[in-house]
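Just below is one structure, and these are the notes that go with it.
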Amino acid sequence: MPELPEMENYKILLNELIISRSITSITINRDKSINMPAQSFINQLNNASIVQVERRAKHLLFHLSNQKVLLLHLMLGGWMFYGSEEEKPKRTIQVQLSFGAKHLYFIGLRLGYLHLLTKEECNKMLSDLGPEPLEPQFTEEIFLNILKERKGTIKLKLVDQHFISGIGNCYSDEICYEAQILPMRKLEKLKETEHRKLYRSMLQTLKSATTIGGYMEHPLYVGDKKTGSYDERCKVYDREGEICPRCKNKIVLIKISSKKCFYCPGCQF
DNA sequence: AGGGCAACCCGGACGC
DNA sequence: TGCGTCCGGGTTGCCC
């Protein structure tokens, strides 16, 4: 569920909150969330500090002072909260990193994980990911070129992490809506003007969602007004039966390859 | 290469 | 309130 804008928002906020602060204790409530025996994990993290938080696709990389990397993927429904013991959400917490009196809580890690890796191991884990859509070097011409080599359903391509990384089920629908293109159409049947429109809609949607904090429903800390502001701006995702803000038709839900897909039959072609 | 599908996992929502 | 049931959804791997 958390996609590029949500993770980018987390990255920006965490870079303000936890940089250079020593990890004073670590609590593992779910062994499956990490990639080694809990005691080894704890021993390696204790007293380390987080030098920088980086994002790659839907992953966050916590770069540590001991040259290791904590690689986070929230998968479905994972989220984070930063605050004191009293502020702690009343949810099951899988992993907790403490920075003195403040703690970073990892919540909802079912299939999600927090792996402690060397830089080499981390690079290897991420080596199959496609380009970052918001990197300046990912130009419209490069996008058009990779589209020319590909066939298939637009929505399935947009969520394919080998093709472009960071887009998931929500933003793929929002991007198609913005581009006024039906998500079930085939890439190879689009005109070049539609390819260009898809690129511009992709950048516009991801940028504006990132700027206003993504659609993540839980704030990162008490008083966090930024995280989640995009939720009400989603035009089609999870809005079956609601009125399209552009043409007043009703939003439709279909399945594409067992994925939920929302679109407007009135103004997407 | 694209597409379909099962498996992974379990908190939380929902029904009674 | 309490218990049982079921669902969601990104990713991987396997098959056609």
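Excluded from the calculations below are hydrogen atoms, water molecules and symmetry mates; all remaining heavy atoms, backbone and side chain alike, are included. By convention in this document, chain letters (A, B, ...) are assigned in the order of the sequence lines, proteins followed by strands, and residues within each chain are numbered from 1.
Looking only at side-chain heavy atoms (C-beta outward), A/Glu132 and A/Arg55 come within less than 4.5 Å of each other. Side-chain contact between A/Ile50 and A/Ser20: absent, with no pair of heavy atoms (C-beta onward) separated by less than 4.5 Å.
Residue A/Lys157 is in sugar-phosphate contact alone, with no base atom involved, counting any heavy-atom pair closer than 4.0 Å across all strands shown. Using a 4.0 Å heavy-atom cutoff across all strands shown, A/Lys186 reaches sugar-phosphate atoms only and no base atom.
Nucleotide B/dG2 holds its P atom 9 Å from the CG atom of A/Leu187, rounded to whole Å. As a whole-Å value, the separation of A/Asn169 CG from C/dT11 C1' is 13 Å. As a whole-Å value, the separation of A/Lys148 NZ from B/dA1 P is 19 Å. Atom CZ in A/Phe163 sits about 18 Å away from atom C1' in C/dG10, given to the nearest Å.
Ion pairing of A/Lys124 with A/Glu120 is absent here, as no side-chain N (NZ or NE/NH1/NH2) approaches a carboxylate O to less than 4.0 Å.
Set against B/dC10, B/dG2, B/dG12, the side chain of A/Arg30 has B/dC10 as its closest nucleotide.
The side-chain tip of A/Arg246 points at the ring of A/Tyr177 from less than 6.0 angstrom away and within 45° of straight on.
Taking the nucleotide of DNA chain C with the nearest heavy atom to each of A/Met125 and A/Gly77, the more 5' of the two is matched to A/Gly77.
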